[in-house]
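Take a look at the structure set out below.
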Amino acid sequence: MNPTTNALRAGLRRGVIELRATFTNGQDLWTYFFPTVVLLIAVFWMRGSTVPGTDFSLGARTLPSALGMGLLFGGLLGLANQLVIDREDGTLLRAKAIPDGMLGYLVGKIVLVSAVALIGVVIQLTPGLFFLDGLRLGDPGAWLTLAWVVPLGLVATLPLGAVIGSLIENPRNMGLVVMPIFGLIALSGIFYPINGLPGWLQGVAQVFPLYWLGLGMRSALLPGDLAAVELGGSWRHLETVGVLGAWAVLGLVLAPVVLRRMARRESGSRVAARRERAMQRVG
Amino acid sequence: MRYGAVDVLHGVDLTARRGEVVALLGPNGAGKTTTIEILEGFRLPSAGTVRVLGSDPARGDERWRARLGVVLQSWRDHGKWRVRELLAHLGDFYAPYGTDRIPRPWPVDELLETVGLTAHAGSRVSRLSGGQRRRLDVAVGIVGRPELLFLDEPTVGFDPAARREFHELVHRLADLDETTIVLTTHDLAEAEKLADRILILAGGRIIAEGSPDQLARRVAGDAEVRWTRDGERYVHATPDATAFLRDLLREHGDRIGELEVRRASLEDAYLALVHEEETGIRTGRAERVWQQEADR
(Lines give C-alpha, C1' and ligand atoms only; values in the text may rest on other atoms or scores of the structure.)
Protein backbone atom coordinates (compact mmCIF):
# COMPACT_ATOMS: atom_id res chain seq x y z
CA MET A 1 0.00 0.00 0.00
CA ASN A 2 1.05 3.57 -0.59
CA PRO A 3 2.73 4.85 2.60
CA THR A 4 0.68 8.07 2.66
CA THR A 5 -2.66 6.28 2.35
CA ASN A 6 -1.45 3.82 4.93
CA ALA A 7 -0.53 6.62 7.33
CA LEU A 8 -3.89 8.35 6.79
CA ARG A 9 -5.70 5.14 7.70
CA ALA A 10 -3.48 4.52 10.69
CA GLY A 11 -4.17 8.12 11.76
CA LEU A 12 -7.90 7.55 11.49
CA ARG A 13 -7.63 4.42 13.64
CA ARG A 14 -5.50 6.37 16.05
CA GLY A 15 -8.20 9.02 16.41
CA VAL A 16 -10.84 6.35 17.06
CA ILE A 17 -8.71 4.57 19.67
CA GLU A 18 -7.98 7.80 21.51
CA LEU A 19 -11.63 8.83 21.30
CA ARG A 20 -12.65 5.53 22.85
CA ALA A 21 -10.20 6.15 25.67
CA THR A 22 -11.91 9.47 26.49
CA PHE A 23 -15.06 7.55 27.53
CA THR A 24 -13.23 5.45 30.07
CA ASN A 25 -11.75 7.95 32.49
CA GLY A 26 -13.31 10.43 34.82
CA GLN A 27 -11.27 13.43 33.81
CA ASP A 28 -12.24 13.22 30.14
CA LEU A 29 -15.88 12.54 30.96
CA TRP A 30 -15.93 15.62 33.17
CA THR A 31 -14.54 17.65 30.27
CA TYR A 32 -17.50 16.48 28.19
CA PHE A 33 -20.11 17.50 30.72
CA PHE A 34 -18.52 20.59 32.29
CA PRO A 35 -19.65 23.04 29.58
CA THR A 36 -23.21 21.73 29.87
CA VAL A 37 -23.17 22.33 33.61
CA VAL A 38 -21.92 25.90 33.08
CA LEU A 39 -24.54 26.44 30.41
CA LEU A 40 -27.36 25.18 32.60
CA ILE A 41 -26.28 27.47 35.43
CA ALA A 42 -26.18 30.43 33.06
CA VAL A 43 -29.59 29.61 31.67
CA PHE A 44 -30.95 29.26 35.21
CA TRP A 45 -29.81 32.80 36.07
CA MET A 46 -31.40 34.11 32.90
CA ARG A 47 -34.82 32.64 33.55
CA GLY A 48 -37.53 35.19 32.98
CA SER A 49 -35.22 37.49 30.95
CA THR A 50 -35.87 38.06 27.29
CA VAL A 51 -33.75 39.10 24.34
CA PRO A 52 -34.00 42.95 24.29
CA GLY A 53 -36.70 44.13 21.93
CA THR A 54 -38.44 40.74 21.80
CA ASP A 55 -40.32 38.40 24.11
CA PHE A 56 -37.96 35.53 23.23
CA SER A 57 -36.23 33.79 26.14
CA LEU A 58 -32.64 34.99 26.65
CA GLY A 59 -31.69 31.50 27.82
CA ALA A 60 -32.82 29.97 24.55
CA ARG A 61 -30.70 32.53 22.68
CA THR A 62 -27.69 31.71 24.83
CA LEU A 63 -27.71 27.98 24.07
CA PRO A 64 -26.78 28.22 20.37
CA SER A 65 -24.28 31.02 21.09
CA ALA A 66 -22.62 28.83 23.67
CA LEU A 67 -22.46 25.99 21.16
CA GLY A 68 -20.48 28.32 18.90
CA MET A 69 -18.18 29.11 21.80
CA GLY A 70 -17.86 25.36 22.37
CA LEU A 71 -16.53 24.96 18.84
CA LEU A 72 -13.84 27.54 19.53
CA PHE A 73 -12.91 25.90 22.83
CA GLY A 74 -12.99 22.43 21.35
CA GLY A 75 -11.22 23.15 18.09
CA LEU A 76 -8.69 25.77 19.05
CA LEU A 77 -7.95 25.11 22.72
CA GLY A 78 -8.56 21.39 22.36
CA LEU A 79 -5.96 20.88 19.67
CA ALA A 80 -3.49 23.37 21.19
CA ASN A 81 -3.73 21.60 24.52
CA GLN A 82 -3.18 18.19 22.97
CA LEU A 83 -0.09 19.40 21.13
CA VAL A 84 1.43 20.94 24.24
CA ILE A 85 0.79 17.84 26.33
CA ASP A 86 1.96 15.41 23.64
CA ARG A 87 5.15 17.34 23.28
CA GLU A 88 5.81 17.23 26.97
CA ASP A 89 5.28 13.49 27.38
CA GLY A 90 7.13 12.49 24.20
CA THR A 91 4.14 11.33 22.11
CA LEU A 92 5.11 13.73 19.37
CA LEU A 93 8.71 12.62 19.36
CA ARG A 94 7.53 9.03 19.12
CA ALA A 95 5.52 9.98 16.05
CA LYS A 96 8.61 11.61 14.61
CA ALA A 97 10.66 8.46 15.15
CA ILE A 98 8.43 6.29 12.98
CA PRO A 99 7.94 6.56 9.21
CA ASP A 100 5.05 8.86 8.23
CA GLY A 101 4.33 9.07 11.93
CA MET A 102 3.75 12.83 12.00
CA LEU A 103 1.09 12.57 9.31
CA GLY A 104 -0.66 9.77 11.18
CA TYR A 105 -0.37 11.70 14.42
CA LEU A 106 -1.90 14.85 12.98
CA VAL A 107 -4.78 13.00 11.31
CA GLY A 108 -5.44 11.17 14.56
CA LYS A 109 -5.51 14.43 16.53
CA ILE A 110 -7.85 16.13 14.07
CA VAL A 111 -10.23 13.16 14.21
CA LEU A 112 -10.08 13.07 18.00
CA VAL A 113 -10.49 16.80 18.61
CA SER A 114 -13.28 17.18 16.05
CA ALA A 115 -15.17 14.19 17.43
CA VAL A 116 -14.84 15.47 20.98
CA ALA A 117 -16.12 18.91 19.88
CA LEU A 118 -19.10 17.37 18.06
CA ILE A 119 -19.97 15.17 21.02
CA GLY A 120 -19.76 18.31 23.16
CA VAL A 121 -22.30 20.05 20.89
CA VAL A 122 -24.73 17.14 21.15
CA ILE A 123 -24.40 16.93 24.94
CA GLN A 124 -25.06 20.66 25.35
CA LEU A 125 -27.96 20.55 22.97
CA THR A 126 -29.79 17.81 24.83
CA PRO A 127 -30.89 19.70 27.98
CA GLY A 128 -32.07 22.48 25.70
CA LEU A 129 -34.79 20.13 24.48
CA PHE A 130 -36.26 19.92 27.96
CA PHE A 131 -35.67 23.34 29.47
CA LEU A 132 -35.84 25.79 26.61
CA ASP A 133 -38.65 26.76 24.29
CA GLY A 134 -38.39 28.17 20.81
CA LEU A 135 -35.37 26.28 19.40
CA ARG A 136 -35.96 24.95 15.89
CA LEU A 137 -34.64 21.48 16.57
CA GLY A 138 -37.42 19.78 14.60
CA ASP A 139 -36.76 21.85 11.49
CA PRO A 140 -34.61 20.17 8.78
CA GLY A 141 -33.44 23.63 7.74
CA ALA A 142 -31.76 24.01 11.15
CA TRP A 143 -29.77 20.83 10.65
CA LEU A 144 -28.85 21.88 7.14
CA THR A 145 -27.33 25.10 8.52
CA LEU A 146 -25.57 23.19 11.29
CA ALA A 147 -24.14 20.88 8.63
CA TRP A 148 -22.06 23.72 7.21
CA VAL A 149 -21.56 26.00 10.20
CA VAL A 150 -20.03 23.30 12.42
CA PRO A 151 -17.49 21.93 9.89
CA LEU A 152 -16.57 25.45 8.81
CA GLY A 153 -16.15 26.40 12.46
CA LEU A 154 -13.78 23.49 12.99
CA VAL A 155 -11.78 24.23 9.85
CA ALA A 156 -11.43 27.82 11.06
CA THR A 157 -10.35 26.91 14.59
CA LEU A 158 -8.32 23.68 14.33
CA PRO A 159 -5.40 25.12 12.33
CA LEU A 160 -5.23 28.07 14.74
CA GLY A 161 -5.07 25.55 17.56
CA ALA A 162 -2.20 23.78 15.80
CA VAL A 163 -0.31 27.07 15.48
CA ILE A 164 -0.86 28.05 19.11
CA GLY A 165 -0.05 24.55 20.35
CA SER A 166 3.21 24.62 18.41
CA LEU A 167 4.28 28.01 19.75
CA ILE A 168 3.58 27.27 23.40
CA GLU A 169 6.12 25.00 25.00
CA ASN A 170 5.19 25.26 28.66
CA PRO A 171 1.66 24.03 29.54
CA ARG A 172 1.40 26.80 32.10
CA ASN A 173 1.50 29.36 29.30
CA MET A 174 -1.82 28.11 27.95
CA GLY A 175 -3.27 30.79 30.23
CA LEU A 176 -1.86 33.40 27.84
CA VAL A 177 -4.33 32.12 25.26
CA VAL A 178 -7.25 31.38 27.54
CA MET A 179 -7.42 34.87 29.09
CA PRO A 180 -7.86 36.79 25.81
CA ILE A 181 -10.50 34.26 24.78
CA PHE A 182 -12.50 35.03 27.91
CA GLY A 183 -12.31 38.70 26.99
CA LEU A 184 -13.48 37.83 23.53
CA ILE A 185 -16.47 35.91 24.92
CA ALA A 186 -17.77 39.06 26.62
CA LEU A 187 -17.22 41.00 23.42
CA SER A 188 -18.75 38.50 21.04
CA GLY A 189 -22.32 38.40 22.26
CA ILE A 190 -22.30 34.86 23.52
CA PHE A 191 -24.30 35.48 26.69
CA TYR A 192 -25.85 38.85 25.80
CA PRO A 193 -26.41 40.68 22.50
CA ILE A 194 -23.77 43.31 21.74
CA ASN A 195 -26.06 45.82 20.06
CA GLY A 196 -25.54 48.17 22.99
CA LEU A 197 -21.72 48.21 22.69
CA PRO A 198 -19.89 51.15 21.02
CA GLY A 199 -19.47 50.68 17.28
CA TRP A 200 -15.69 50.25 17.41
CA LEU A 201 -16.00 47.42 19.96
CA GLN A 202 -18.55 45.74 17.74
CA GLY A 203 -16.04 46.09 14.93
CA VAL A 204 -13.29 44.46 16.99
CA ALA A 205 -15.58 41.57 17.91
CA GLN A 206 -16.42 40.96 14.28
CA VAL A 207 -12.77 40.53 13.30
CA PHE A 208 -12.51 37.34 15.37
CA PRO A 209 -14.14 33.99 14.62
CA LEU A 210 -16.01 33.71 17.92
CA TYR A 211 -18.71 36.24 17.03
CA TRP A 212 -19.42 34.47 13.76
CA LEU A 213 -19.45 31.01 15.32
CA GLY A 214 -22.14 32.20 17.74
CA LEU A 215 -24.07 33.97 15.01
CA GLY A 216 -23.93 30.94 12.71
CA MET A 217 -25.23 28.64 15.42
CA ARG A 218 -28.02 31.11 16.30
CA SER A 219 -29.02 31.31 12.66
CA ALA A 220 -29.40 27.54 12.64
CA LEU A 221 -31.33 27.06 15.87
CA LEU A 222 -33.34 30.27 16.47
CA PRO A 223 -36.57 31.24 14.70
CA GLY A 224 -36.01 33.33 11.57
CA ASP A 225 -37.57 36.54 12.95
CA LEU A 226 -34.84 36.81 15.63
CA ALA A 227 -32.45 37.81 12.87
CA ALA A 228 -34.00 41.24 13.18
CA VAL A 229 -32.23 41.92 16.50
CA GLU A 230 -28.77 40.84 15.25
CA LEU A 231 -26.26 43.43 14.00
CA GLY A 232 -27.36 44.46 10.54
CA GLY A 233 -30.76 42.86 11.13
CA SER A 234 -29.86 39.65 9.34
CA TRP A 235 -28.09 36.31 9.90
CA ARG A 236 -25.42 37.50 7.45
CA HIS A 237 -24.51 34.03 6.20
CA LEU A 238 -22.30 35.40 3.47
CA GLU A 239 -20.21 37.39 5.91
CA THR A 240 -20.04 34.39 8.25
CA VAL A 241 -18.58 32.24 5.50
CA GLY A 242 -16.26 35.09 4.54
CA VAL A 243 -14.77 35.73 7.99
CA LEU A 244 -14.58 32.10 9.12
CA GLY A 245 -13.19 31.16 5.69
CA ALA A 246 -10.51 33.85 6.00
CA TRP A 247 -9.45 32.50 9.40
CA ALA A 248 -9.42 28.99 7.96
CA VAL A 249 -7.16 30.03 5.09
CA LEU A 250 -4.85 31.96 7.40
CA GLY A 251 -4.62 28.97 9.74
CA LEU A 252 -4.11 26.45 6.97
CA VAL A 253 -1.29 28.53 5.51
CA LEU A 254 0.45 29.08 8.85
CA ALA A 255 -0.13 25.71 10.52
CA PRO A 256 2.05 23.50 8.28
CA VAL A 257 4.96 25.95 8.52
CA VAL A 258 4.77 26.31 12.30
CA LEU A 259 4.08 22.61 12.88
CA ARG A 260 7.04 21.59 10.76
CA ARG A 261 9.35 24.00 12.52
CA MET A 262 8.19 22.75 15.92
CA ALA A 263 8.53 19.09 14.93
CA ARG A 264 11.99 19.62 13.49
CA ARG A 265 13.25 20.97 16.80
CA GLU A 266 11.86 18.10 18.84
CA SER A 267 14.49 15.75 20.27
CA GLY A 268 14.98 13.44 23.19
CA SER A 269 16.97 15.94 25.20
CA ARG A 270 14.28 18.60 24.73
CA VAL A 271 11.64 16.22 26.01
CA ALA A 272 13.90 15.34 28.93
CA ALA A 273 14.51 19.01 29.73
CA ARG A 274 10.78 19.71 29.68
CA ARG A 275 10.19 16.76 31.93
CA GLU A 276 12.76 18.11 34.34
CA ARG A 277 10.88 21.42 34.48
CA ALA A 278 7.56 19.63 34.93
CA MET A 279 9.00 17.70 37.87
CA GLN A 280 10.14 20.94 39.47
CA ARG A 281 6.65 22.34 39.09
CA VAL A 282 5.13 19.38 40.82
CA GLY A 283 7.82 19.16 43.50
CA MET B 1 28.21 19.79 17.63
CA ARG B 2 27.93 23.08 19.39
CA TYR B 3 25.75 24.68 22.04
CA GLY B 4 26.24 28.41 21.89
CA ALA B 5 29.97 28.95 21.97
CA VAL B 6 30.86 25.64 23.55
CA ASP B 7 31.66 22.68 21.39
CA VAL B 8 30.23 19.64 23.09
CA LEU B 9 31.51 17.13 20.58
CA HIS B 10 34.80 17.24 18.78
CA GLY B 11 36.10 14.90 16.13
CA VAL B 12 33.91 11.97 17.00
CA ASP B 13 34.68 9.30 14.43
CA LEU B 14 32.38 6.36 14.49
CA THR B 15 31.68 3.60 12.03
CA ALA B 16 29.48 0.59 12.64
CA ARG B 17 29.25 -2.49 10.45
CA ARG B 18 26.12 -4.54 9.90
CA GLY B 19 25.26 -6.76 12.83
CA GLU B 20 27.79 -5.04 15.06
CA VAL B 21 26.97 -3.86 18.56
CA VAL B 22 28.73 -0.59 19.34
CA ALA B 23 28.59 0.89 22.81
CA LEU B 24 29.14 4.58 23.51
CA LEU B 25 30.42 4.49 27.05
CA GLY B 26 31.01 7.53 29.18
CA PRO B 27 30.03 9.46 32.27
CA ASN B 28 27.00 11.76 32.27
CA GLY B 29 27.57 14.81 30.11
CA ALA B 30 30.18 13.11 27.96
CA GLY B 31 28.20 13.70 24.77
CA LYS B 32 26.65 10.25 24.32
CA THR B 33 23.09 11.40 23.87
CA THR B 34 24.12 14.27 21.64
CA THR B 35 26.01 11.85 19.40
CA ILE B 36 23.12 9.44 19.18
CA GLU B 37 20.61 12.24 18.51
CA ILE B 38 22.69 13.44 15.59
CA LEU B 39 22.74 9.91 14.19
CA GLU B 40 18.97 9.63 14.63
CA GLY B 41 18.47 12.84 12.70
CA PHE B 42 16.85 14.59 15.68
CA ARG B 43 19.61 17.16 15.96
CA LEU B 44 21.83 18.92 13.48
CA PRO B 45 25.60 18.87 13.85
CA SER B 46 27.31 22.27 13.52
CA ALA B 47 30.04 20.71 11.39
CA GLY B 48 31.20 17.40 10.04
CA THR B 49 29.69 14.64 7.95
CA VAL B 50 27.34 11.96 9.11
CA ARG B 51 26.08 9.03 7.04
CA VAL B 52 23.59 6.61 8.50
CA LEU B 53 22.40 3.75 6.26
CA GLY B 54 23.76 5.70 3.31
CA SER B 55 21.94 8.97 4.04
CA ASP B 56 22.62 12.20 5.85
CA PRO B 57 20.29 11.92 8.89
CA ALA B 58 19.38 15.60 8.56
CA ARG B 59 17.88 14.78 5.15
CA GLY B 60 16.69 11.24 5.84
CA ASP B 61 13.31 10.53 4.26
CA GLU B 62 10.53 8.27 5.54
CA ARG B 63 11.97 5.24 3.74
CA TRP B 64 15.22 5.81 5.61
CA ARG B 65 13.35 6.37 8.86
CA ALA B 66 11.58 3.01 8.41
CA ARG B 67 14.90 1.19 8.58
CA LEU B 68 15.81 2.73 11.95
CA GLY B 69 14.68 1.87 15.43
CA VAL B 70 14.93 4.45 18.19
CA VAL B 71 14.72 3.91 21.93
CA LEU B 72 15.17 7.18 23.80
CA GLN B 73 16.01 7.74 27.43
CA SER B 74 12.64 8.62 28.86
CA TRP B 75 9.24 7.98 27.38
CA ARG B 76 6.00 8.64 29.21
CA ASP B 77 3.77 8.78 26.16
CA HIS B 78 0.56 6.92 25.27
CA GLY B 79 -0.34 6.30 28.91
CA LYS B 80 -4.00 5.70 28.11
CA TRP B 81 -3.26 3.09 25.43
CA ARG B 82 -3.12 -0.63 25.93
CA VAL B 83 0.15 -2.41 25.25
CA ARG B 84 -1.00 -4.58 22.35
CA GLU B 85 -3.04 -1.76 20.85
CA LEU B 86 -0.04 0.58 20.82
CA LEU B 87 2.37 -1.93 19.30
CA ALA B 88 -0.14 -2.91 16.61
CA HIS B 89 -0.83 0.75 15.82
CA LEU B 90 2.79 1.84 15.59
CA GLY B 91 3.63 -1.31 13.63
CA ASP B 92 1.01 -0.38 11.02
CA PHE B 93 3.16 2.52 9.87
CA TYR B 94 5.94 0.14 8.81
CA ALA B 95 3.77 -2.14 6.69
CA PRO B 96 4.44 -0.37 3.35
CA TYR B 97 8.19 -0.53 3.97
CA GLY B 98 8.53 -4.29 4.27
CA THR B 99 10.78 -6.10 1.80
CA ASP B 100 11.13 -9.75 0.81
CA ARG B 101 14.16 -10.03 3.03
CA ILE B 102 12.75 -8.03 5.94
CA PRO B 103 8.97 -8.34 6.39
CA ARG B 104 7.62 -5.43 8.40
CA PRO B 105 6.22 -4.96 10.95
CA TRP B 106 7.12 -7.57 13.53
CA PRO B 107 3.92 -9.58 14.32
CA VAL B 108 2.61 -8.24 17.63
CA ASP B 109 2.23 -11.53 19.47
CA GLU B 110 5.72 -12.63 18.55
CA LEU B 111 7.09 -9.25 19.58
CA LEU B 112 5.31 -9.33 22.94
CA GLU B 113 6.79 -12.76 23.53
CA THR B 114 10.26 -11.56 22.57
CA VAL B 115 10.29 -8.70 25.06
CA GLY B 116 8.42 -10.68 27.71
CA LEU B 117 5.24 -8.60 27.82
CA THR B 118 2.74 -11.26 26.74
CA ALA B 119 1.13 -11.26 30.17
CA HIS B 120 0.67 -7.49 29.99
CA ALA B 121 -0.69 -7.27 26.44
CA GLY B 122 -4.02 -5.91 27.70
CA SER B 123 -2.61 -3.58 30.36
CA ARG B 124 -2.76 0.16 30.16
CA VAL B 125 0.65 1.61 29.41
CA SER B 126 0.43 3.95 32.41
CA ARG B 127 0.01 0.94 34.73
CA LEU B 128 3.27 -0.77 33.70
CA SER B 129 6.18 -0.90 36.12
CA GLY B 130 9.39 0.92 35.22
CA GLY B 131 11.04 -2.19 33.85
CA GLN B 132 7.95 -3.24 31.88
CA ARG B 133 7.64 0.25 30.48
CA ARG B 134 11.24 0.12 29.32
CA ARG B 135 10.64 -3.24 27.64
CA LEU B 136 7.69 -1.70 25.86
CA ASP B 137 9.97 1.11 24.70
CA VAL B 138 12.33 -1.48 23.29
CA ALA B 139 9.42 -3.29 21.64
CA VAL B 140 8.34 -0.03 19.98
CA GLY B 141 11.94 0.51 18.87
CA ILE B 142 12.07 -2.85 17.12
CA VAL B 143 8.47 -3.21 15.91
CA GLY B 144 9.58 -2.14 12.42
CA ARG B 145 12.40 -4.72 12.34
CA PRO B 146 15.08 -2.04 12.10
CA GLU B 147 18.36 -2.65 10.35
CA LEU B 148 19.92 -0.15 12.73
CA LEU B 149 18.75 0.26 16.31
CA PHE B 150 19.65 3.11 18.66
CA LEU B 151 19.34 2.46 22.36
CA ASP B 152 19.93 5.37 24.71
CA GLU B 153 20.68 4.11 28.23
CA PRO B 154 18.39 1.13 27.70
CA THR B 155 18.69 -0.57 31.09
CA VAL B 156 18.39 2.34 33.52
CA GLY B 157 16.03 1.24 36.26
CA PHE B 158 16.23 -2.49 35.43
CA ASP B 159 16.61 -5.08 38.13
CA PRO B 160 19.38 -7.65 37.55
CA ALA B 161 16.98 -10.23 36.08
CA ALA B 162 15.45 -7.75 33.66
CA ARG B 163 18.93 -6.59 32.74
CA ARG B 164 20.04 -10.10 31.89
CA GLU B 165 16.91 -10.70 29.79
CA PHE B 166 17.54 -7.47 27.99
CA HIS B 167 21.13 -8.43 27.27
CA GLU B 168 19.92 -11.70 25.77
CA LEU B 169 17.50 -9.78 23.59
CA VAL B 170 20.28 -7.54 22.29
CA HIS B 171 22.44 -10.56 21.47
CA ARG B 172 19.53 -12.16 19.70
CA LEU B 173 18.82 -9.08 17.60
CA ALA B 174 22.45 -8.71 16.62
CA ASP B 175 23.19 -12.38 15.95
CA LEU B 176 19.95 -13.71 14.46
CA ASP B 177 18.53 -10.66 12.76
CA GLU B 178 21.82 -8.97 11.88
CA THR B 179 20.58 -5.75 13.46
CA THR B 180 23.29 -3.16 13.90
CA ILE B 181 22.99 -1.71 17.36
CA VAL B 182 24.39 1.54 18.70
CA LEU B 183 23.77 1.94 22.40
CA THR B 184 24.85 4.36 25.08
CA THR B 185 25.57 3.40 28.63
CA HIS B 186 27.54 4.69 31.58
CA ASP B 187 27.92 1.14 32.89
CA LEU B 188 31.21 -0.44 31.91
CA ALA B 189 30.09 -3.97 32.81
CA GLU B 190 27.12 -3.61 30.49
CA ALA B 191 29.26 -2.33 27.65
CA GLU B 192 31.69 -5.21 28.13
CA LYS B 193 28.87 -7.73 28.07
CA LEU B 194 27.00 -6.36 25.08
CA ALA B 195 29.35 -4.64 22.74
CA ASP B 196 31.61 -5.90 20.00
CA ARG B 197 33.21 -2.51 20.17
CA ILE B 198 33.32 0.14 22.88
CA LEU B 199 33.92 3.84 22.32
CA ILE B 200 34.74 5.72 25.45
CA LEU B 201 33.53 9.32 25.40
CA ALA B 202 34.65 11.99 27.80
CA GLY B 203 34.25 15.73 27.43
CA GLY B 204 32.81 15.30 23.94
CA ARG B 205 35.78 13.33 22.63
CA ILE B 206 36.40 9.69 21.94
CA ILE B 207 39.32 8.91 24.19
CA ALA B 208 39.54 5.20 23.53
CA GLU B 209 38.06 2.67 21.18
CA GLY B 210 38.29 -1.08 20.73
CA SER B 211 36.79 -4.43 21.61
CA PRO B 212 36.35 -5.01 25.35
CA ASP B 213 39.36 -7.32 25.12
CA GLN B 214 41.58 -4.81 23.36
CA LEU B 215 40.67 -2.09 25.82
CA ALA B 216 41.39 -4.33 28.76
CA ARG B 217 44.75 -5.34 27.37
CA ARG B 218 45.69 -1.76 26.62
CA VAL B 219 45.10 -0.57 30.13
CA ALA B 220 46.50 -3.66 31.75
CA GLY B 221 49.84 -2.81 30.19
CA ASP B 222 50.63 -0.26 32.85
CA ALA B 223 51.29 -1.85 36.23
CA GLU B 224 52.24 -0.12 39.43
CA VAL B 225 54.98 -1.72 41.52
CA ARG B 226 55.44 -0.74 45.16
CA TRP B 227 58.09 -1.93 47.54
CA THR B 228 60.23 -0.86 50.49
CA ARG B 229 63.99 -1.01 50.67
CA ASP B 230 65.83 -0.27 53.92
CA GLY B 231 62.61 1.12 55.37
CA GLU B 232 62.05 3.53 52.47
CA ARG B 233 58.99 3.34 50.15
CA TYR B 234 59.23 3.19 46.37
CA VAL B 235 56.65 3.30 43.58
CA HIS B 236 57.32 2.60 39.95
CA ALA B 237 54.99 2.34 36.94
CA THR B 238 56.01 -0.05 34.22
CA PRO B 239 54.51 -1.74 31.22
CA ASP B 240 56.43 -4.97 31.97
CA ALA B 241 56.13 -5.68 35.65
CA THR B 242 57.69 -9.16 35.43
CA ALA B 243 60.94 -7.98 33.87
CA PHE B 244 61.13 -5.04 36.24
CA LEU B 245 60.71 -7.29 39.26
CA ARG B 246 63.35 -9.70 38.03
CA ASP B 247 65.88 -6.88 37.80
CA LEU B 248 64.79 -5.36 41.07
CA LEU B 249 65.21 -8.58 43.03
CA ARG B 250 68.48 -9.49 41.30
CA GLU B 251 69.94 -6.15 42.24
CA HIS B 252 68.70 -5.80 45.82
CA GLY B 253 67.67 -9.34 46.82
CA ASP B 254 66.68 -9.63 50.49
CA ARG B 255 66.60 -5.88 51.12
CA ILE B 256 63.26 -5.64 49.20
CA GLY B 257 60.13 -5.89 51.33
CA GLU B 258 56.37 -5.33 51.18
CA LEU B 259 56.34 -5.97 47.45
CA GLU B 260 53.07 -5.19 45.70
CA VAL B 261 52.14 -5.26 42.01
CA ARG B 262 48.93 -3.63 40.91
CA ARG B 263 47.62 -4.01 37.39
CA ALA B 264 45.28 -1.18 36.43
CA SER B 265 42.10 -2.84 35.29
CA LEU B 266 39.78 -1.40 32.67
CA GLU B 267 37.44 -0.69 35.52
CA ASP B 268 40.05 1.31 37.45
CA ALA B 269 40.82 3.38 34.42
CA TYR B 270 37.17 3.99 33.67
CA LEU B 271 36.33 4.87 37.27
CA ALA B 272 39.19 7.36 37.37
CA LEU B 273 37.74 8.95 34.28
CA VAL B 274 34.22 9.12 35.69
CA HIS B 275 35.57 10.57 38.89
CA GLU B 276 37.35 13.32 37.02
CA GLU B 277 34.22 14.14 35.03
CA GLU B 278 32.01 14.23 38.08
CA THR B 279 34.24 16.22 40.37
CA GLY B 280 35.18 18.52 37.53
CA ILE B 281 38.82 18.19 38.58
CA ARG B 282 40.53 17.26 35.36
CA THR B 283 44.01 16.23 36.28
CA GLY B 284 44.17 14.51 32.94
CA ARG B 285 45.47 11.45 34.71
CA ALA B 286 42.66 9.21 33.56
CA GLU B 287 42.88 10.46 30.04
CA ARG B 288 46.64 9.93 29.99
CA VAL B 289 46.14 6.28 30.81
CA TRP B 290 44.24 5.83 27.57
CA GLN B 291 46.47 8.17 25.61
CA GLN B 292 49.73 6.43 26.53
CA GLU B 293 48.31 3.20 25.34
CA ALA B 294 47.15 4.65 22.08
CA ASP B 295 50.63 6.01 21.34
CA ARG B 296 52.48 2.86 22.17
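Just so it is clear: chains get the letters A, B, ... in the order the sequence lines come, proteins before strands, and each one is counted from 1. Predicted, not measured: the structure shown is a model, and the values here were computed from it.
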Heavy-atom distance under 4.5 Å between the side chains of A/S269 and B/E37, does that happen here?
yes
Using a cut-off of 6.0 Å, state whether more than 12 heavy atoms not belonging to A/Q27 lie near its atom CD.
no
Just by distance, do the side chain of A/N6 and the backbone of B/D92 share a donor-acceptor pair under 3.5 Å?
yes
Which one of A/R264, A/E266, A/E18 has the most heavy-atom pairs closer than 4.5 Å to chain B?
A/E18
Do B/F42 and A/R265 come close enough that some side-chain heavy atom pair is under 4.5 Å?
no
Note: vs chain B, highest number of non-hydrogen pairs under 4.5 angstrom among A/A10, A/A272, A/A21, A/G11 is A/A10
Counting only non-hydrogen atoms closer than 4.5 Å, does B/V143 touch chain A with its backbone (N, CA, C, O), its side chain (CB onward), both, or neither?
neither
Option in B/K80, B/R76, B/R63 with maximal non-hydrogen atom pairs under 4.5 Å from chain A
B/R76
Can you see whether B/H89 engages A/R13 through a side-chain donor-acceptor pair at a distance of less than 3.5 angstrom?
no
By a 4.5 Å heavy-atom criterion (distance strictly below it), what part of A/D86 contacts chain B: side chain, backbone, both, or neither?
neither
Among A/V271, A/D89, A/I85, which residue satisfies the side chain to side chain contact (heavy atoms under 4.5 Å, CB included) criterion with B/D77?
A/D89
Please round to the nearest 0.5 Å and tell me the distance separating atom CZ of A/R14 and atom CZ of B/F93.
6.5 Å
So does A/W148 have more than 12 non-hydrogen atoms from other groups sitting under 6.0 Å from CH2?
yes
Under 4.5 Å from a heavy atom of chain A, the part of B/R124 involved:
side chain
Taking the side chain as every heavy atom from C-beta outward, state whether A/I17 and B/H78 have any atom pair closer than 4.5 Å.
no
Are there residues of residues 93-115 of chain A whose heavy atoms fall under 4.5 Å of chain B's heavy atoms? If so, which?
A/L93, A/R94, A/K96, A/A97, A/I98, A/P99, A/D100, A/G101, A/G104
Answer with side chain, backbone, both or neither: which region of B/W81 has an atom nearer than 4.5 Å to a non-hydrogen atom of chain A?
side chain
Taking the side chain as C-beta and beyond, is there a heavy-atom pair between A/R270 and B/R43 under 4.5 Å?
no
Can you confirm whether A/F23 is buried at CZ, in the sense that more than 12 heavy atoms of other residues, nucleotides or ligands lie under 6.0 Å from that atom?
yes
